[in-house]
Amino acid sequence: MKRTSYPRAVSRSLKVAAVVSISMAGLLFAAMQHAKTLRGNRLLHQLPSTARAILRIDAASLEDTAAAKTLIAAFVADEQLSEIEAICALDPMKALTEVIVWVRGPDDQPLQSIGVMLQGRAASAATLAACHRALVEGRGGSIVRIDGPAGPMQANLDQRSAIAVIDDRTIIAGSVTTVKEAIAVRRGTAPALVERGRIAERWPLLSRGSSISAILEPPDHWMSALERVAKRSDGPSALEGAQTIGLFVESGSAGTVTLSIDVGSVELAAQDAERIRDWIASPPENVEPPWTNVLHSARVAARERTIEVTVDVSSLSTAR
């Protein structure tokens with residue numbers, strides 16, 4: 001009778017277990033990446049094709065992303081957050097799962113109005129709608145109910161500020177026109193952002209695995225102004241040929257933020273990257289601390305048609 005070699009059998013079992021564990025880990029990672037891509041693509045089907053800029057904040061991941069919290073603190077006044085906490089009795093960043101802001105408008109007025117989509121975590125859509133009403137009334141305004149084909153919404157008397165409940169956790173706010181347009185996209189009666197080629201191509205890459213992500217497809221007159229800002233003396237601009245300008249903060253990042261600029265060719269990306277390095281080495285005189293410290297930390301790289309400028313924003317938190 002042939003006897004089983006237990007050490008050899010155990011060894012084979014361990015190898016099989018290791019292969020299964022690695023395979024499962026790979027499948028789990030792939031599933032997580034796929035879920036992140038789906039979330040990025042979801043917005044392209046929820047926002048209107050008139051959107052020229054998007055900002056997404058994954059509020060749920062801010063607590064573990066110091067760089068994102070620092071960036072928000074640098075641009076959002078404490079008074080604004082304090083007003084919401086005082087009037088609505090909720091902490092915006094803890095009450096929300098996701099904040100989406102977009103700027104939209106027709107071709108002749110591409111940056112006409114702003115839309116906001118909020119998804120509650122500790123707060124329901126009804127609570128968020130009540131907060132909106134309290135903020136408007138706290139500033140002396142009045143809220144009325146508007147019924148129409150898009151469904152019911154609350155709006156102030158001049159219709160510049162409106163809000164609609166989408167589901168039990170989601171609200172959309174903006175002008176009446178902006179809210180109606182966003183609802184029409186969800187119903188499939190208005191074109192979605194996925195039809196705007198440049199943003200549709202870049203957005204999933206910027207938003208995947210990010211606590212904060214943003215993208216701008218600059219109108220022509222904005223592009224001219226941006227090119228002048230990034231220009232040194234009489235030479236070409238460091239933003240020559242920019243098609244989209246994006247930004248992202250990877251979830252869990254302790255201090256780094258990345259600016260991502262997409263241009264028309266690989267050659268132009270390399271040229272612009274070198275011009276950006278020169279601009280950083282000798283920035284305009286109106287750039288003052290702590291932003292000079294941020295610039296000094298910059299790392300610039302060109303990858304195919306994309307230029308990435310990664311900076312450390314940690315010094316902004318100590319400057320407040």
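Quick note: numbers below take in every heavy atom, side chains included, and nothing from hydrogens, waters or symmetry partners.
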Novice: So, Asp272 and Arg275, do they make that salt bridge, N to O below 4.0 Å?
Specialist: yes
Novice: Is any NZ, NE, NH1 or NH2 atom of the basic residue among Glu63 and Lys69 found under 4.0 Å from an Asp or Glu carboxylate oxygen of the other?
Specialist: yes
Novice: How about CD on Glu304, more than 12 heavy atoms from neighbouring residues, nucleotides or ligands closer than 6.0 Å, or not?
Specialist: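 Atom CD in Glu304 is not packed in, count stays at 12 or less.
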Novice: Under 3.5 Å, is there a donor-acceptor pair linking the side chains of Thr310 and Thr258?
Specialist: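 Present: a donor and an acceptor within the cut-off.
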Novice: Using atom types as modelled and distance alone, determine if a side-chain donor or acceptor of Ser297 lies under 3.5 Å from a backbone N or O of Asp312.
Specialist: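 Confirmed, Ser297 side chain pairs with Asp312 backbone.
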Novice: What I want to find out is whether Glu201 reaches Arg198 closely enough, with some N-O distance under 4.0 Å, to be called a salt bridge.
Specialist: no
Novice: Can you confirm whether Arg160 is buried at CZ, in the sense that more than 12 heavy atoms of other residues, nucleotides or ligands lie under 6.0 Å from that atom?
Specialist: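 Not buried by this count: 12 neighbours or fewer within 6.0 Å.
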Novice: In terms of side-chain geometry, is the basic nitrogen of Glu98 or Arg42 positioned less than 4.0 Å from the acidic oxygen of its partner?
Specialist: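 Salt bridge: yes.
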Novice: State which residues pass side chain to side chain donor-acceptor pair (under 3.5 Å) with Arg169; sequence neighbours excluded, sorted by chain then number.
Specialist: none
Novice: Can you give me the closest heavy-atom contact between Ile199 and Pro204, atom names plus distance?
Specialist: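 Taking every non-hydrogen atom into account, O-CD, 4.4 Å.
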Novice: For Gln243, look at atom CD and say whether over 12 heavy atoms of other residues, nucleotides or ligands are found less than 6.0 Å away.
Specialist: yes
Novice: Kindly indicate, with the supporting measurements, whether the criterion side chain to side chain donor-acceptor pair (under 3.5 Å) is fulfilled by Ser142 and Glu137.
Specialist: CA-CA 6 Å; Ser142 298; Glu137 293 177 345; over 6 Å; no
Novice: What closest approach, in Å, do Val185 and Pro48 show between heavy atoms, and which atom pair accounts for it?
Specialist: CG2-CA, 3.6 Å
